[in-house]
Structure formats: structure tokens, C-alpha cells
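Naming convention: chains lettered A, B, ... in sequence-line order (proteins, then strands); numbering from 1 in each chain.
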There are 2 protein chains.
Amino acid sequence: MAPETVDLYQIKEKMYVATDCIIFGFHQSKLKLLVFKRKVSPLEGEWSLIGSFVRLDEDLDIAGQRVLKETTGLENVFMQQLRTYGKKDRDPGYRCISVAQYALIRIDDYSEELVEKHGAKWYEIGDLPELILDHNQMVQDALEQLKQNARYKPIGFELLPEKFTIPQLQALYEAIYQRELDARNFRKKVLSLNVLEKLDEKDKSSSKRGAFLYKFNYENYQNLLTAGYNFEFS
Amino acid sequence: MAPETVDLYQIKEKMYVATDCIIFGFHQSKLKLLVFKRKVSPLEGEWSLIGSFVRLDEDLDIAGQRVLKETTGLENVFMQQLRTYGKKDRDPGYRCISVAQYALIRIDDYSEELVEKHGAKWYEIGDLPELILDHNQMVQDALEQLKQNARYKPIGFELLPEKFTIPQLQALYEAIYQRELDARNFRKKVLSLNVLEKLDEKDKSSSKRGAFLYKFNYENYQNLLTAGYNFEFS
DNA sequence: TCAAAAGTGTTGATTATACACCCATGT
DNA sequence: ACATGGGTGTATAATCAACACTTTTGA
């Protein structure tokens with residue numbers, strides 16, 4: 001829209017535009033969410049997603065990246081727009097729409113200091129506290145989209161360290177889908193995609209025998225995408 | 001509320017929130033899009049999506065419904081949020097984010113007068129003119145999402161009249177996917193879903209023999225959904 | 001009678017699912 | 001030596017994909 005004239009109504013009162021970040025992480029076979037305790041009134045002390053107003057001179061997605069950097073120290077992170085929440089009374093007192101974006105981070109990469117400085121905390125999905133406004137709804141929607149996306153994109157890899165084992169990858173998908181998967185079928189399928197490179201190292205952190213580490217091959221993944229494969233697991 | 005002209009200084013200090021509607025229709029086996037010719041400067045005479053600023057006292061989705069009603073006369077139409085476009089320079093001179101929403105309408109329901117009054121026109125997908133700003137991108141994204149959605153929801157039914165034939169339904173899916181489908185396999189699959197009710201009438205508008213009319217059974221569809229079926233066609 | 005679209009089944013290929021035992025190793 | 005998680009193959013069922021002819025009827 002680029003009109004020449006504008007309703008006075010729009011000028012007098014202000015429409016606020018915010019972005020809220022749904023930050024997922026994965027640790028010890030659990031899918032987690034970063035929430036933080038509001039330090040300012042109103043709703044001080046309540047749990048909330050991490051957000052900010054969008055600045056006039058910044059792109060929407062950059063605003064999300066900024067919030068993420070401020071709270072976790074991470075840059076260039078996988079982040080995707082979820083949807084925009086715009087009920088007129090979603091924020092009592094203000095007219096504020098919020099563009100929700102979700103990020104997937106490798107949970108051992110984030111800066112613990114920054115997170116603590118912001119009063120933030122990792123909560124397990126399924127054990128979330130009540131969040132302010134429509135933030136619980138946002139999380140639920142994000143989870144839904146995460147499930148959807150995981151079918152068609154190897155999105156889950158964003159949540160794992162660079163080197164990971166197949167059992168770890170399986171645990172991640174189990175956390176996202178919230179059900180158990182068959183280990184043989186999972187391994188078969190994920191290896192058949194040809195996007196994993198087996199390394200010579202083993203990870204012994206979760207068994208005596210140890211499991212081989214793999215890394216993700218982005219080139220092969222690109223080829224897969226153009227060929228139109230899907231990442232659905234049974 | 002009478003519009004008033006404002007100067008650029010004021011405009012640049014403010015974040016505008018608009019919504020743009022991607023209105024799909026289906027007619028004569030063609031998927032079409034409703035676009036309109038701008039009547040105001042800047043970009044007067046250019047083709048554009050139909051949009052509006054979001055009012056302070058209206059929900060985001062209501063704004064979309066309002067735009068739709070103003071241009072087509074239709075109410076209570078299937079409409080879904082696509083995503084929000086928020087590049088800082090997407091609209092030169094203004095800082096305006098736009099929430100794109102897409103609608104599917106039965107093309108013989110709309111009001112021709114209203115459409116003409118707004119200088120709007122139906123264009124075939126695949127034969128679209130150049131649209132202002134990032135509107136072509138919006139359409140492309142909407143088409144992509146339409147394809148995705150059509151896999152999991154019988155979304156296409158919104159585009160057909162209440163009574164329709166199976167060949168019509170197939171033509172719709174072919175228009176969405178932009179490829180031909182096998183008539184036998186299509187019929188087999190769609191009937192196996194148990195969401196169509198065969199009527200005793202035939203439609204003879206496209207063949208001498210005539211094709212049986214069907215209608216959609218929303219109850220059975222609800223059952224399907226909870227059972228987790230998908231509407232993917234090969 | 002013929003042109004044009006509607007309607008109908010089968011088969012082979014592919015993919016999904018279910019399932020149980022041995023391996024390697026640290027304690 | 002044993003407990004623990006890692007790793008492997010096969011057989012059945014389900015689904016997908018490809019394919020051609022007959023029917024109906026208005027012109």
C-alpha cells in the first residue's frame with residue numbers, strides 16, 4: 001500500500017508493531033523453549049516470549065535476529081516467520097500487532113550469561129508455564145508448524161550440534177513428533193537420503209560402545225530439494 | 001473518518017500496517033486472481049493486489065474480510081493469513097508492513113458491479129501482469145501455500161460451486177498443481193475419502209453425456225481430519 | 001454416425017511397517 | 001560377566017503409478 005492520503009484516525013493513535021521470538025532448543029533428548037521473566041510493568045514478573053518493537057529502519061526478519069542476538073548472543077541463526085497476531089484486544093491498553101518468528105538453536109551454543117542477564121530460562125515443551133497474552137498460542141502454533149516443516153525439510157538439523165549421532169537425531173524427531181520411532185526404519189530412511197556424512201569419531205557420552213558421529217551435507221541436501229524429496233518419518 | 005493529506009515528514013516517522021488480499025477464483029478450468037488498477041498516485045494506473053490499512057479498532061483478519069467485501073461483495077469467505085512482508089524499503093517513501101491474506105472464492109458468486117467499480121479484473125494465474133511493490137512475490141508465495149495446503153485439506157472445495165462434478169474438481173487440482181492428473185486415479189482417491197455425496201443430477205454443460213454432480217460432506221471431512229488423512233494427489 | 005467427455009479395473013513397482021537378535025565396551 | 005545402548009535385515013502389507021477401452025448423447 002502506498003496511498004497519498006491517510007486517515008486521521010491512523011495518525012492520532014498509534015499502531016504498534018512488535019515481533020516475538022519462539023526460541024526452540026534441544027538438549028538431553030528434550031525439546032525446550034526459551035522464555036523470559038518480564039522486568040517491566042505491566043505484567044512484570046510474568047513469563048513471556050522474548051520480543052521487541054520493530055524499528056522503523058529495520059527489516060522485520062532483522063528485528064527477530066536482533067532480539068535473538070540480544071538474548072542468546074547468537075547470530076545468523078535459522079529463523080522463520082510463523083504468523084502475525086493481530087486481534088485488536090490481544091494486548092490490553094495498546095493496539096499492538098505482533099509478528100511471531102521462531103528460531104531453532106543448538107542449545108550448547110547459546111550464551112549462558114546473556115540468557116541469565118535477561119532473566120530467561122529454558123523450559124521443556126510440555127512443561128511450559130503460563131505465558132502472557134497470546135504467547136502460549138504462539139508456541140502451540142510454532143510447534144505445529146515445526147512438525148509440518150520437519151516433514152519436508154531437514155529442519156531438525158538446525159537444533160543439533162554440528163556433529164551428531166543417529167540416535168540423537170532420532171531423539172530429536174521423537175521430541176518434535178512426540179512419539180517413538182522405530183530405530184531401524186529411522187536409520188534406514190535417514191541414511192537413504194544421502195545427506196549424512198559418517199565420520200570416524202564416536203560419541204561415547206550416552207553409551208559404552210559409543211555411536212558414530214555424522215555431519216550434515218548441505219550440498220547433497222540441495223540436490224534432494226530440487227529432486228523434491230520429503231523428510232517424513234513413520 | 002475523512003482522509004487528509006499528511007506530509008512526508010510525518011509519514012516517515014510512522015509505521016503503517018496494511019493488509020493485502022490475494023483473491024483466488026476458479027472459472028472454466030482456470031485458476032484466476034483478482035487484481036486491481038490503482039486509482040491514486042503514486043503508481044496510479046499500475047496493477048496491484050487489493051489492500052487497505054488495518055484500522056486501529058479492527059482485528060487483522062477482519063480487515064481482510066472487509067477488503068474482500070468491499071471489492072467482491074462477499075462475506076464469510078474462506079481466508080487465511082499468508083505471511084507478513086516487512087522489508088524496510090518494500091514501499092518507497094513509507095515504512096509500511098503488509099500482512100498478506102489469501103482468499104478462495106467461488107467465482108460465480110462475486111459481484112460483478114463491485115469488482116468493476118473498483119477497477120478490478122480477473123487474471124489467469126500464469127498470465128499475470130506485473131504488480132506493484134512485492135505483490136508478485138506475495139502471489140507466488142500464496143500459490144505455493146495453496147499447493148501445500150491442498151495436500152492436507154480439501155481446501156479446493158472452497159473454489160467450487162456447491163454442486164460440482166468430479167472432472168471439475170480434477171481440473172481445479174490440476175490448476176493448482178499446474179500439471180495433469182490421471183482421471184482414474186484421481187476419481188479413485190477422491191471417492192475413497194468418503195467426503196463426497198453423489199447427487200441424482202447431472203451437469204451437461206461440458207459434455208453431451210453429462211457428469212454426475214456431487215456435494216461436499218463436511219461432517220465426514222471432520223472425521224477424516226481427526227483420523228489424520230491427507231489429500232495429496234499423484 | 002461421430003465427436004467429445006464420462007466413467008471404469010488391473011497389474012507391477014515402490015514404499016511403509018513390524019519385528020528380534022548380536023555387538024562393543026566400560027564398569 | 002553383565003548391563004547398556006548401538007547397530008543390522010527381512011517379510012508382509014499398503015499405496016502409488018501407469019495404462020485403454022466402453023458408454024452416453026447431442027449435433
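Separating the NZ atom of B:K189 from the P atom of D:dT15 is a distance of 9 Å, rounded to the nearest angstrom. The distance between atom CG of B:L169 and atom C1' of C:dA6, rounded to the nearest whole Å, is 15 Å. B:D203 places its CG atom 15 Å from the C1' atom of C:dG7, with the value rounded to the nearest Å. When the C1' atom of D:dG6 is taken as reference, atom CZ of A:F212 falls 10 Å away, rounded to whole Å. Rounded to an integer number of Å, the gap from CD of A:E201 to P of D:dG6 is 17 Å. Spacing between atom CD of A:E180 and atom C1' of C:dC19 amounts to 15 Å, rounded to whole angstrom units.
Residue pairs meeting the salt bridge (Lys or Arg N to Asp or Glu O under 4.0 Å) criterion with at least one member in residues 209-223 of chain B: none, sequence neighbours excluded.
Residues passing the side chain to side chain donor-acceptor pair (under 3.5 Å) test with B:T84 are A:T84, sequence neighbours excluded. By the side-chain contact (heavy atoms from CB on, under 4.5 Å) test, A:F212 is found to be paired with A:K198, A:K202, A:Y214, residues two or more places apart in sequence or in another chain being considered. Shown here are the side-chain contact (heavy atoms from CB on, under 4.5 Å) partners of B:D61, two or more places apart in sequence or in another chain: A:K87, B:D59, B:Q101. A:Y102 is linked by a ring pair (Phe, Tyr, Trp, His ring centres under 6.0 Å) to nothing, counting only residues two or more places apart in sequence or in another chain. Qualifying ring pair (Phe, Tyr, Trp, His ring centres under 6.0 Å) partners for B:Y218, counting only residues two or more places apart in sequence or in other chains: B:F216.
The minimum heavy-atom distance between B:R106 and B:L160, with the atom names listed, is NE-O, 2.6 Å.
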Return a table of donor-acceptor pairs under 3.5 angstrom between the side chains of residues 125-135 of chain A and protein atoms on other chains or two or more places apart.
| residue | atom | partner | partner atom | Å |
| --- | --- | --- | --- | --- |
| A:D134 | OD1 | A:R90 | NH2 | 3.0 |
| A:D134 | OD2 | A:R90 | NE | 2.7 |
| A:H135 | ND1 | A:L49 | N | 3.0 |

Sort me out a list of protein N/O and nucleotides 8-12 of chain D N/O pairs below 3.5 Å, or just none if empty.
| residue | atom | partner | partner atom | Å |
| --- | --- | --- | --- | --- |
| D:dT10 | O4 | A:K188 | NZ | 2.9 |

What are the atom names and distances for every N/O pair under 3.5 Å that joins the protein to nucleotides 24-27 of chain D?
| residue | atom | partner | partner atom | Å |
| --- | --- | --- | --- | --- |
| D:dG26 | OP1 | B:K204 | NZ | 3.4 |

